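Each chain gets a letter, A, B and so on, in the order the sequences are listed, and its residues count up from 1. This structure is a prediction, so every number in the text was calculated from the model and none was measured.
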Protein chains: 2
Amino acid sequence: MAPRAGIDVDTILQKAVEIIDRDGYEDLSIGKLAGALSIRPPSLYNHIGGLSELKQRLAVFGCGKLYEQMIGAAVGLSGDEAVYALSLEYVYFARQHPGLYEATFRAPDLHAPDLREAQEKVVQIVVQVLAVYKLDEETILHMVRGLRSMLHGFTSIEQTGGFGLPLNLDESFHMMIKTFLKGLPIKK
Amino acid sequence: MAPRAGIDVDTILQKAVEIIDRDGYEDLSIGKLAGALSIRPPSLYNHIGGLSELKQRLAVFGCGKLYEQMIGAAVGLSGDEAVYALSLEYVYFARQHPGLYEATFRAPDLHAPDLREAQEKVVQIVVQVLAVYKLDEETILHMVRGLRSMLHGFTSIEQTGGFGLPLNLDESFHMMIKTFLKGLPIKK
DNA sequence: TTGTAATAACTAATGTTATTAGTTATTATA
DNA sequence: TATAATAACTAATAACATTAGTTATTACAA
């Protein structure tokens, strides 16, 4: 019998991230993961409950990573600059980690508290960067939803190759954000 | 042996739509579908190539349905009214057919010509309703991408329960569209 | 209407994947 | 050092998709 491979949950998670970012979320399987870790498939169950739990963990982990990148991008900036920086980082994260980004929307349990918490932190950053605009409190929250919709929508369509026109993607993205910011219902 | 159940591809597709809209896209299986049609699982292969082909068909069919609903909503309208109507129909379609909407983004072959064609028709409607605004030709296409991002993003986040704040969803949606339209870079 | 061909239903079998149960050898710990 | 814990393994099971072949139901031609 092989000596212990020194595997733990984090090792498994990292390897899973590698696989989904390289091969796609749908390609993740217990067998593939075990092979990548040089152990037999059932051995994985010593560390994780199963494929479903792994996917849940990926979702939570992905949200946490997204949060970290976004928070880093907005430091020291405010107003439009912060919004652009934050938004760009969102898209870059998804481009760097397509599988992990997808995982954040594919959690088996969408209601799990830790997932909700991780998502809430991401929302909070968006709230913060939009809070400096002179908007009604409630309006800010509406706009947060708007911005998040744009970010996710753009990323998702981009990832599925849905922007087929011969038109610069980054420019489309920039103009979309710009248009939204220009239209914000600023109070007088 | 049972008499022929009178099943064809369309019957299968409709039943599949029922299942995914009711139980979720992930719940679709050959066994479940066969059960719902009162035939044995292998019998389905007389009509469709397999689960993958079924999913592909669902994606194409979903885009077609979305197109029909959107085109119907915009008839006789133009400008802001058309955009609002179109956008609302988009969201309503997804709410009525959550599984089918999801299927449109989950095609096994994202590059299949018929899928691309169905998607293109949806894009064309968006192009048409934005074309009446005084924008540069290229800008129109950027804005089309923007609007599509918002529609898909909003719908997707809504479907995964990601809008957790106690805030009216339709109002958020309306304000998002309003903000974007207000910010459109109209030419003087 | 009848006989034949086509085909949609079935059963049996196979392959793939996730998971469970139990064994064994490797570590951790007292 | 001995024992307990546990991570590795193997074997087995269950579920699901699919293939191959059989049989009975229809469609079609004469």
- Query: Roughly how many Å is it from CZ in Arg40(A) to P in dT20(C), rounded to a whole number?
  - Reply: 19 Å
- Query: Under 4.0 Å: is that the gap between some side-chain N or O of Ser43(A) and OP1 or OP2 of dC9(D)?
  - Reply: yes
- For Glu171(A), all residues meeting salt bridge (charged side-chain N to carboxylate O under 4.0 Å, His left out), sequence neighbours excluded: none
- Note on the structure: Those residues at least two apart in sequence (or on a different chain) that pass salt bridge (charged side-chain N to carboxylate O under 4.0 Å, His left out) with Glu89(A) are none
- Going hydrophobic residue to hydrophobic residue with side-chain gaps under 4.5 angstrom, can you get from Tyr133(A) over to Phe180(B)? yes
Every protein N/O within reach of nucleotides 28-30 of chain C N/O, cut-off under 3.5 Å:
none

- Item | Partner residues of Thr104(A) under the side chain to side chain contact (heavy atoms under 4.5 Å, CB included) criterion, sequence neighbours left out | Cys63(A), Tyr101(A)
- Provide, to the nearest angstrom, the distance between the CE atom belonging to Met1(A) and the P atom belonging to dA7(D). 13 Å
What are the atom names and distances for every N/O pair under 3.5 Å that joins the protein to nucleotides 17-19 of chain D?
| unit_1 | atom_1 | unit_2 | atom_2 | d |
| --- | --- | --- | --- | --- |
| dA17(D) | OP1 | Ile30(B) | N | 3.2 |
| dA17(D) | OP2 | Ile30(B) | N | 3.1 |
| dA17(D) | OP2 | Gly31(B) | N | 3.3 |
| dT18(D) | OP2 | Tyr45(B) | OH | 2.7 |
| dT18(D) | OP2 | Leu51(B) | N | 2.9 |
| dT18(D) | O5' | Tyr45(B) | OH | 3.2 |

- Expressed in angstrom and rounded to an integer, what is the separation of Glu26(A) atom CD from dT17(C) atom P? 14 Å
- Remaining members of Leu115(B)'s ILVMFWY cluster at a side-chain heavy-atom cut-off under 4.5 Å? Val60(B)
- Spacing between Ile39(A) atom CD1 and dT6(D) atom P, to the nearest angstrom: 17 Å
- Determine yes or no for a side-chain-to-main-chain donor-acceptor pair under 3.5 angstrom, with Arg145(B) supplying the side chain and Leu165(A) the backbone. yes
- Tell me the salt bridge (Lys or Arg N to Asp or Glu O under 4.0 Å) pairs involving residues 174-188 of chain B, sequence neighbours left out? Asp136(B)-Lys187(B)
- Task: Please state how far atom CG in Leu37(B) lies from atom P in dA8(C), giving the value in whole angstrom units.
- Result: 14 Å
- Query: Who passes salt bridge (charged side-chain N to carboxylate O under 4.0 Å, His left out) against Arg106(A), sequence neighbours left out?
  - Reply: Glu26(A), Glu102(A), Glu26(B)
- Message: Near DNA chain D, counting only heavy atoms under 4.0 Å, which residues of residues 10-23 of chain A show up?
- Response: none
- Separation of dA9(C) P from Leu44(B) CG (nearest whole Å): 9 Å
- Query: How long is the line joining CG of Leu54(B) and P of dC16(D), in whole Å?
  - Reply: 16 Å
- Provide, to the nearest angstrom, the distance between the CD1 atom belonging to Ile7(B) and the P atom belonging to dT26(D). 13 Å
- Item | Non-neighbouring partners of Glu68(A) that pass salt bridge (charged side-chain N to carboxylate O under 4.0 Å, His left out), sequence neighbours left out | Lys65(A)
- Note on the structure: Those residues at least two apart in sequence (or on a different chain) that pass ring pair (Phe, Tyr, Trp, His ring centres under 6.0 Å) with Tyr25(B) are none
- His47(B) side-chain N/O to dA9(C) phosphate OP1/OP2 under 4.0 Å: yes
- Sorted by chain and residue number, the ring pair (Phe, Tyr, Trp, His ring centres under 6.0 Å) partners of Phe154(B) (sequence neighbours excluded) come out as Phe163(B), Phe173(B)
